[in-house]
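Input: a single structure, listed below in structure tokens.
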Amino acid sequence: MAKITGNEVEFNTLELNLAWEKAISLENVDPNKIKMCYICKFHMLKENYYTDKTADILYWTVDLINTKQPELFQSDNLIAIHQGCLIFRKKPNAAKRIEKIRKVKWLYDEEFHQ
Ligand SMILES: [Zn+2]
């Protein structure tokens, strides 16, 4: 269960893994290493988990899919997202948006990212 101290939420390894699994996969790369941010459609690297010491905008953190549900930190409500993209989410419930994106086949552009 996520630990909440003041404004800080600390997720345990299981929750981080569940949030990562929920993120959109790119068909041509290893989902254990690379996934896609549902907001900006750029990739995230699993090893780049956000901590206070690593404040890079492309690092990922955990987002809540539905910010209005009673059990906010329930495991199926967690999804990995870029730290810098948290401010770009619009509706309180992003579930439909995420499922729409999930239906599309996404590819990692290896040439572009070299
Ligand atoms: Zn993003």
Side-chain angles (χ1 to χ4, degrees):
M1 187 66 185
K3 209 172 89 189
I4 306 160
T5 352
N7 291 327
E8 301 279 299
V9 182
E10 209 178 291
F11 293 98
N12 63 37
T13 312
L14 177 69
E15 290 164 327
L16 293 180
N17 281 327
L18 286 168
W20 180 262
E21 268 172 43
K22 215 36 178 285
I24 315 286
S25 294
L26 293 151
E27 303 223 347
N28 55 340
V29 287
D30 183 354
N32 288 315
K33 289 188 181 133
I34 301 175
K35 285 254 177 159
M36 189 182 84
C37 169
Y38 79 91
I39 300 284
C40 69
K41 321 288 192 296
F42 270 95
H43 67 281
M44 305 178 282
L45 299 177
K46 194 172 188 186
E47 59 186 27
N48 286 354
Y49 178 66
Y50 175 84
T51 67
D52 291 338
K53 290 163 224 95
T54 58
D56 190 293
I57 199 160
L58 281 181
Y59 281 25
W60 66 277
T61 186
V62 178
D63 190 16
L64 303 170
I65 294 171
N66 184 354
T67 58
K68 292 243 166 110
Q69 81 172 33
E71 288 291 330
L72 282 180
F73 299 103
Q74 205 170 291
S75 55
D76 63 355
N77 198 33
L78 310 175
I79 188 166
I81 183 179
H82 286 132
Q83 171 70 15
C85 288
L86 274 174
I87 56 164
F88 297 118
R89 51 168 299 157
K90 292 171 192 139
K91 292 184 183 164
N93 186 353
K96 273 194 187 153
R97 183 179 184 182
I98 292 165
E99 288 323 304
K100 234 186 216 174
I101 296 168
R102 204 184 294 286
K103 284 188 187 134
V104 180
K105 187 176 161 184
W106 297 95
L107 292 172
Y108 179 76
D109 189 342
E110 288 180 49
E111 278 176 42
F112 181 83
H113 291 296
Q114 278 202 358

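These numbers come from the heavy atoms of this one structure, side chains and all, not from hydrogens, waters or symmetry mates.
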Measure the shortest side-chain to side-chain distance between I81 and V62 over non-hydrogen atoms and say whether it is less than 4.5 angstrom. no

Does one hydrophobic cluster hold both L18 and L45, with members joined at side-chain heavy-atom distances below 4.5 Å? no

If I compare all heavy atoms of K68 with all of P92, which pair ends up nearest, and what's the gap? CG-CB, 3.6 Å

Could you tell me if the side chain of N93 sits less than 4.5 Å from the side chain of I65, heavy atoms only? yes

Is a donor on one side and an acceptor on the other found under 3.5 Å between the side chain of N77 and the backbone of L64? no

Residue pair I4 / F73: nearest heavy atoms and the distance that separates them: CD1-CE1, 3.4 Å

Single-linkage hydrophobic cluster, 4.5 Å side-chain cutoff, V29 and V104 together: yes

Would a distance-only check, ignoring hydrogens and angles, find a side-chain to backbone donor-acceptor pair under 3.5 Å from Q69 to E71? yes

Can you check whether K91 reaches R97 side chain to side chain, under 4.5 Å on heavy atoms? no

Contact summary for R89 and L86, nearest pair of heavy atoms: CG-O, 3.2 Å

Measure from the side-chain N and O atoms of K35 to the backbone N and O of K46, and report whether any donor-acceptor pair falls under 3.5 Å. no

Nearest atoms (heavy-atom pairs only) where Y38 meets I79: CE2-CG2, 3.9 Å

Do M44 and L26 touch side chain to side chain, with heavy atoms closer than 4.5 Å? no

Check this for me: does any side-chain nitrogen of one of K96 and E99 sit under 4.0 Å from a carboxylate oxygen of the other? no

Closest non-hydrogen atom pair between H82 and C40, with its separation: ND1-SG, 3.2 Å

Between N28 (side chain) and L107 (backbone), is there a donor-acceptor pair under 3.5 Å? no

CG on L78 to CZ on F11, rounded to 0.5 Å: 5.5 Å

Would you say the side chain of I101 lies within less than 4.5 Å of the side chain of K41, judging by non-hydrogen atoms? yes

Could you check whether the rings of W60 and W20 sit parallel, tilted or perpendicular, using 30° and 60° as the cut-offs? tilted

Give me the atom names and distance for the closest heavy-atom approach of W106 to I24. CD1-CG2, 3.6 Å

